[in-house]
Amino acid sequence: MTDNEQKIIFEKWLGQHKGLIFKILRAYAFTGMDQDDLFQEIIIQVWHSIPSFRQESAVTTWIYRVALNTAIKWTRKEKKFSQPETQEVVQQLLQENKVQIDERLSWLYEEIHKLDEIDRSITLLLLDGFSYKEMASMLGITESNVGVKINRIKKQLIAKSKKYDYHGI
């Protein structure tokens with residue numbers, strides 16, 4: 001593969017799948033600087049993964065796998081866990097209240113961020129409509145384990161949402 005071919009593929013993939021990368025960024029990094037750092041890491045890994053892509057899975061699945069693995073490694077390496085309250089304050093200061101923040105979405109991402117790495121990944125994949133089989137393949141666990149984890153995550157989020165009725169959930 002030539003550098004030019006790799007560049008064309010990279011630009012196409014980034015254009016088509018940047019939304020899923022931003023979802024992963026929001027779940028694994030809260031501050032703008034952390035999101036920038038993680039975005040760069042993910043993009044570098046996607047670039048380096050292009051020559052090894054054998055088209056045995058969908059491009060979306062491949063990018064999810066690369067992005068999630070990179071985010072998990074980055075989280076372990078950086079060990080940066082922002083407080084949700086800090087995130088909200090920073091967001092409000094940066095946006096200067098120009099855009100109304102959806103409290104439900106902020107709450108959901110705060111709760112997703114609190115999950116362990118595998119549960120966080122499963123939640124993001126579930127929100128994007130991946131099948132249990134696809135999730136199991138990406139994460140290296142069984143389909144039945146995916147199902148059990150999803151049920152536990154749903155119960156956990158439902159219980160937490162009942163405690164936080166001021167979020168409108």
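A quick note: this is a predicted structure, and the numbers were derived from the prediction, not measured.
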Give me the atom names and distance for the closest heavy-atom approach of [X] to [Y].
X    : Y    : result
H113 : A27  : ND1-O, 2.9 Å
I141 : I118 : CD1-CG2, 4.4 Å
W62  : S52  : CZ2-OG, 3.7 Å

If I take atom [atom1] from residue [X] and atom [atom2] from residue [Y], how far apart are they, to the nearest 0.5 angstrom?
X    : Y    : atom1 : atom2 : answer
K18  : L25  : NZ    : CG    : 13.0 Å
L126 : K154 : CG    : NZ    : 6.0 Å
S144 : Y132 : OG    : OH    : 11.0 Å
F130 : I122 : CZ    : CD1   : 13.5 Å
R120 : T75  : CZ    : OG1   : 5.5 Å
I50  : I9   : CD1   : CD1   : 6.0 Å

Beyond-backbone contact of [X] with [Y], side-chain heavy atoms, under 4.5 angstrom:
X    : Y    : result
M138 : T61  : yes
V148 : R152 : yes
W47  : W13  : no
K23  : L127 : no
K114 : E111 : yes

Would you please indicate yes or no on a ring centroid separation below 6.0 angstrom for W74 and F39?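 Ring centroids of F39 and W74 are no less than 6.0 Å from each other.
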
Stepwise salt bridge (Lys or Arg N to Asp or Glu O under 4.0 Å) check, K73 with E41: CA-CA 10 Å; K73 288 176 187 173; E41 290 289 326; over 6 Å; no

Between T142 and N145: side-chain donor-acceptor atoms closer than 3.5 Å: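 The criterion, which ignores hydrogens and geometry beyond distance, is not satisfied for N145 and T142.
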
Compute whether any side-chain donor of one residue and acceptor of the other, for T70 and Y28, lie under 3.5 angstrom apart.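 The criterion, which ignores hydrogens and geometry beyond distance, is not satisfied for Y28 and T70.
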
Main-chain N/O of [Y] paired to [X] side chain as donor or acceptor, under 3.5 Å:
X   : Y   : value
Q45 : V66 : no
E5  : T2  : yes
E11 : I8  : no

Would L139 and K149 count as a side chain to side chain contact (heavy atoms under 4.5 Å, CB included) here? Give the steps. CA-CA 12 Å; L139 299 171; K149 286 184 172 290; over 6 Å; no

If Ile, Leu, Val, Met, Phe, Trp and Tyr residues are connected whenever their side-chain heavy atoms lie under 4.5 Å apart, and connections chain through other members, are F22 and I24 in the same group?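 Per the 4.5 Å side-chain linkage, F22 and I24 are co-clustered.
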
Do M33 and I44 share a hydrophobic cluster, counting only Ile, Leu, Val, Met, Phe, Trp and Tyr and linking them when any side-chain heavy atoms are less than 4.5 Å apart?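 Result: no, two separate clusters.
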
In this structure, which one of V46, I21, I63 forms a side-chain contact (heavy atoms from CB on, under 4.5 Å) with L14?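 Exactly one option meets the side-chain contact (heavy atoms from CB on, under 4.5 Å) with L14, and it is I21.
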
For S137 and R65, run side chain to side chain donor-acceptor pair (under 3.5 Å): C-alpha distance rounded to whole Å, both residues' side-chain angles, the deciding distance at 0.1 Å, then the answer. CA-CA 9 Å; S137 172; R65 182 179 292 165; 3.3 Å; yes

